[in-house]
Q: 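Dropping the structure in here first, questions after.
Computed over heavy atoms, backbone and side chain alike; hydrogens, waters and symmetry mates excluded. Counting convention: from 1, in listed order, for ligands and their atoms alike.
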Amino acid sequence: MATDSWALAVDEQEAAVKSMSSLQIKEEKVKPDTNGVIKANATPEKTDEEEKEDRAAQSLLNKLIRSNLVDNTNQVEVLQRDPNSPLYSVKSFEELRLKPQLLQGVYAMGFNRPSKIQENALPMMLAEPPQNLIAQSQSGTGKTAAFVLAMLSRVEPAERYPQCLCLSPTYELALQTGKVIEQMGKFHPELKLAYAVRGNKLERGQKISEHIVIGTPGTVLDWCSKLKFIDPKKIKVFVLDEADVMIATQGHQDQSIRIQRMLPRNCQMLLFSATFEDSVWKFAQKVVPDPNIIKLKREEETLDTIKQYYVLCNNRDEKFQALCNLYGAITIAQAMIFCHTRKTASWLAAELSKEGHQVALLSGEMVVEQRAAVIERFREGKEKVLVTTNVCARGIDVEQVSVVINFDLPVDKDGNPDNETYLHRIGRTGRFGKRGLAVNMVDSKHSMNILNRIQEHFNKKIERLDTDDLDEIEKIAN
Ligand SMILES: Nc1ncnc2c1ncn2[C@@H]1O[C@H](COP(=O)(O)OP(=O)(O)OP(=O)(O)O)[C@@H](O)[C@H]1O
């Protein structure tokens with residue numbers, strides 16, 4: 001797809017944002033380099049729960065590090081607006097009767113067959129007359145590729161005005177989706193894409209001739225109403241991506257609704273979300289009238305294939321010693337170590353590197369690109385130990401990690417066990433079936449109590465391990 005001066009402007013802006021981000025980093029007390037290599041500077045004491053959970057950053061991080069489709073063995077649930085109409089699903093892209101250039105684009109991306117969610121979503125999205133859709137499935141299951149294909153299919157290249165409008169929660173996420181549009185539309189050079197993102201200034205009175213506009217709600221709203229760069233009445237497809245991230249951002253929900261109200265009645269409305277809590281569902285129903293609904297449940301994680309142990313210690317130094325004993329006795333290919341505070345995480349990372357380990361630190365101070373670079377290197381095996389706080393690592397799947405160490409047990413802000421986080425850190429989805437090892441460091445009556453409550457919750461015994469006894473440690477490795 002041919003890009004234009006706008007895309008160039010966006011590139012420049014991206015570079016500016018990056019340099020701004022690195023300036024920000026320079027002001028921080030801890031300065032991990034992009035390789036995550038550690039210097040033991042003091043950081044403000046902050047529990048991981050206090051670190052702001054930034055869903056947009058997590059979503060971007062996942063996109064940046066993901067290299068392929070997330071597998072899911074669950075059944076897709078389909079709720080049709082008209083239950084009497086036949087339910088179509090496709091097993092191949094050919095069945096969709098796409099324009100040849102698009103089919104070529106899909107194959108050039110290495111897609112051989114539709115993903116699970118695409119099997120059902122694509123025929124619905126491409127049906128005539130167009131149908132509305134609300135779709136939920138975990139990140140990485142092929143939602144973006146699906147709606148991009150739908151937008152590209154509906155565009156009439158000869159009509160030189162915006163026909164598809166796609167809302168993303170942030171500028172960076174809009175750029176990521178834009179890249180998919182460009183890749184998939186590669187063999188359709190006449191199709192043009194514009195970015196409605198902050199800083200992308202146009203002359204007043206101008207009208208946009210690009211076929212697809214992707215942007216953030218505030219700017220898109222301005223372009224449709226105040227500035228009138230887009231005629232919303234001509235929009236044929238309206239996509240709301242990452243609805244769960246969208247509603248977590250102040251103002252986005254209202255702006256999206258205001259945009260939706262400007263669109264013609266027969267505009268196809270499509271909404272995608274990785275999760276479906278009540279608030280997302282309410283929002284979805286407000287912006288997508290008469291929808292078909294597709295849901296794919298997240299693959300459950302279990303503790304069944306994990307050997308779980310705990311080590312009794314008296315303080316932080318003993319925990320560190322126990323960790324060294326573990327490393328001394330068994331071969332640990334790659335480990336992830338979770339700490340409660342940033343301060344502990346950076347202390348531990350520094351101590352481990354002093355011991356000669358190749359350590360990466362994932363820290364809340366890093367901008368998203370730096371975090372992605374750290375995870376990427378760890379995934380490639382360039383570092384063998386990843387030390388992190390929980391908020392930083394939430395939602396990140398590093399499947400090949402065989403050993404997880406809870407240097408601190410996960411607790412919520414009231415100090416109660418955080419069972420969900422425990423499961424997410426340690427659990428595996430059944431399909432991988434790889435055996436894993438989890439070691440919990442316990443250093444007080446309070447943390448013993450937390451451990452007991454975790455055991456009760458999962459109804460799974462966590463065995464005690466004496467890390468001074470080398471024979472015993474060796475046994476757990478087998
Ligand atoms: N049919 C397919 N065959 C092979 N790979 C695919 C297919 N569809 C998508 N992918 C790839 O799988 C990865 C995840 O797809 P995609 O980004 O569309 O998922 P998503 O559900 O939109 O994720 P997110 O919620 O994070 O945006 C991407 O690398 C994409 O190129």
Q: Do any nitrogen or oxygen atoms of Gly110 come within less than 3.5 Å of a nitrogen or oxygen of ligand 1?
A: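 In fact, backbone or side chain, Gly110 has no N or O that close.
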
Q: When Gln131 is tested against each of Leu270, Asp82, Asn292, Leu126 for side chain to side chain contact (heavy atoms under 4.5 Å, CB included), which residue passes?
A: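 When Leu270, Asp82, Asn292, Leu126 are each tested with Gln131, the side chain to side chain contact (heavy atoms under 4.5 Å, CB included) holds only for Asn292.
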
Q: Can you name the atoms of ligand 1, numbered from 1 with element, that are less than 4.0 Å from a heavy atom of Ser115?
A: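 Heavy-atom distances to Ser115 below 4.0 Å select 1 (N).
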
Q: Below 4.0 angstrom from a heavy atom of Ser139, which ligand 1 atoms are there? Numbered from 1 as shown, please.
A: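 The list of qualifying atoms is 23 (O), 24 (P), 25 (O), 26 (O).
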
Q: For ligand 1, which atoms, with element, lie under 4.0 Å from some heavy atom of Thr141?
A: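 Near Thr141, meaning under 4.0 Å from one of its heavy atoms, ligand 1 has 19 (O), 20 (P), 21 (O).
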
Q: When Val237 is tested against each of Cys164, Ser153, Pro130, Cys267 for side chain to side chain contact (heavy atoms under 4.5 Å, CB included), which residue passes?
A: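 Answer after filtering Cys164, Ser153, Pro130, Cys267: Cys164.
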
Q: State whether a side-chain donor-acceptor pair under 3.5 Å links His188 with Glu190.
A: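 Result is yes, a qualifying pair exists.
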
Q: Name all residues meeting the salt bridge (Lys or Arg N to Asp or Glu O under 4.0 Å) criterion together with Lys233; count only those two or more places apart in sequence or in a different chain, and write none if there are none.
A: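 For Lys233 there are no salt bridge (Lys or Arg N to Asp or Glu O under 4.0 Å) partners, ignoring immediate neighbours.
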
Q: Return a yes/no value for Met109: is any of its N or O atoms, backbone included, closer than 3.5 angstrom to an N or O of ligand 1?
A: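 Met109 vs ligand 1: no N/O contact under 3.5 Å.
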
Q: For ligand 1, is Arg113 a contact, meaning one of its heavy atoms is under 4.0 Å away?
A: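 Contact check Arg113 vs ligand 1: positive.
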
Q: May I ask you to list the atoms of ligand 1 that are less than 4.0 angstrom from any heavy atom of Phe93?
A: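 Per the distance check, 1 (N).
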
Q: Quick one: side chain to side chain donor-acceptor pair (under 3.5 Å) partners of Gln75, sequence neighbours excluded?
A: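 Result, side chain to side chain donor-acceptor pair (under 3.5 Å) vs Gln75: none returned.
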
Q: Strictly under 4.0 Å, does any heavy atom of Ala274 approach an atom of ligand 1?
A: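 Checking ligand 1 against Ala274, which is what was asked, there is no heavy-atom contact under 4.0 Å.
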
Q: May I ask whether Gln118 places a heavy atom under 4.0 Å from ligand 1?
A: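 For ligand 1, residue contact (heavy atoms, under 4.0 Å) with Gln118 is present.
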
Q: With only distance considered, is Asn112 within less than 3.5 Å of ligand 1 through an N or O on each side?
A: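 No; every N/O pair is 3.5 Å or more apart.
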
Q: Is the ring pair Phe147/Phe272 parallel, tilted or perpendicular, if the boundaries are 30 and 60 degrees?
A: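 Rings of Phe147 and Phe272: tilted, 30 to 60°.
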
Q: Do Asp244 and Thr275 get their side chains close enough for a donor-acceptor pair, meaning under 3.5 Å?
A: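 Note: Asp244 and Thr275 side chains meet the donor-acceptor criterion.
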
